[in-house]
Amino acid sequence: QQQVKQSPQSLIVQKGGIPIINCAYENTAFDYFPWYQQFPGKGPALLIAIRPDVSEKKEGRFTISFNKSAKQFSLHIMDSQPGDSATYFCAASTKAANFGNEKLTFGTGTRLTIIP
Amino acid sequence: EAQVTQNPRYLITVTGKKLTVTCSQNMNHEYMSWYRQDPGLGLRQIYYSMNVEVTDKGDVPEGYKVSRKEKRNFPLILESPSPNQTSLYFCASQRAGRGYEQYFGPGTRLTVT
């Protein structure tokens, strides 16, 4: 079963617009919520991450909004540029007890295209 | 340069022919994982390793094997590949306690005919 649901599947935004990608989760044991950015032919790379006790985190033009009660979080990209065109994955990490699995559970990905 | 490397980057093989995909990291990370990426499914963990000689199954381990004889290396073995293992594979590494911050290799695109 999918534990992190991501939408939309694809998104086209004009340069300067603010694309928003949404994710929802069920498992309250998740301890960190990162976003990964993946360019064609490359592996995913960590973009920004938030802890569940924080409602918002900004890094440059990228902002995560987190709603713990609704079990939802989203990525906003301010002043989007064509170079931001990539696939974005939300994820949730599981804190390991006693040196166990610290895996990431990924959403299904959003292919973002920023048109000039 | 801190990195995770994988080889080969592209591989076409036939059903049943054993293959190995290598993975190496130079960051002295304790944890390493293998993921497969499929359209509409995101990335799913196949196996992970917490340290040398310590490995365990992820979410989709069937048909795969791994080993961790050295801290830097974590090869993925398909002993009898089948067409449903056609996918894009990623190796990743991380420090213990920082599961949200994983470093991914460039990927291996495998086609099994």
Subject >> Interface moiety of Q37(B) toward chain A, non-hydrogen atoms closer than 4.5 Å >> reply: side chain
**OP:** Name the option with the most non-hydrogen atom pairs under 4.5 Å to chain A; the candidates are Q94(B), R44(B), R109(B), Q6(B).
**Re:** Q94(B)
Original post:
Taking the inter-plane angle between the rings of Y31(B) and Y48(B) on a 0 to 90° scale, is it parallel (under 30°), tilted (30 to 60°) or perpendicular (over 60°)?
Top reply: parallel
Subject >> Contacts of residues 60-74 of chain A with chain B (heavy atom under 4.5 Å) >> reply: none
Original post:
Within residues 64-91 of chain B, which positions have a heavy-atom distance to chain A below 4.5 Å?
Top reply: F90(B)
Original post:
Side chains of L104(A) and Y35(B): does their closest heavy-atom pair fall under 4.5 Å?
Top reply: yes
Subject >> Cluster check W34(B), L46(A): I/L/V/M/F/W/Y, side chain < 4.5 angstrom >> reply: no
Subject >> Residue Y36(A) versus chain B: region with a heavy atom under 4.5 Å >> reply: side chain
Original post:
Rounded to the nearest 0.5 Å, how far does CD of Q38(A) lie from OG1 of T110(A)?
Top reply: 12.0 Å
Original post:
Contact part of K103(A) toward chain B, heavy-atom cut-off under 4.5 Å: side chain, backbone, both or neither?
Top reply: both
Original post:
Rounded to the nearest 0.5 Å, what separation is found between the CG atom of L19(B) and the CD1 atom of I12(B)?
Top reply: 12.5 Å
Subject >> Contact class of A49(A) relative to chain B, heavy atoms under 4.5 angstrom >> reply: side chain
Original post:
Does any heavy atom of chain A fall under 4.5 Å from the side chain of Q102(B), the backbone, both, or neither of them?
Top reply: both
**OP:** Against chain A, label L43(B) side chain, backbone, both or neither, depending on which of its atoms sit under 4.5 Å from a heavy atom there.
**Re:** both
Original post:
Given the options S93(A), P44(A), G43(A), which has more heavy-atom pairs under 4.5 Å with chain B than any of the others?
Top reply: P44(A)
Subject >> Proximal component of R9(B), with respect to chain A [non-hydrogen, under 4.5 Å] >> reply: side chain
Original post:
Which class fits the ring pair Y100(B) and Y32(A): parallel under 30°, tilted 30 to 60°, perpendicular over 60°?
Top reply: parallel
Original post:
Which pair of heavy atoms, one from M27(B) and one from S93(B), lies closest together, and at what distance?
Top reply: CE-OG, 3.5 Å
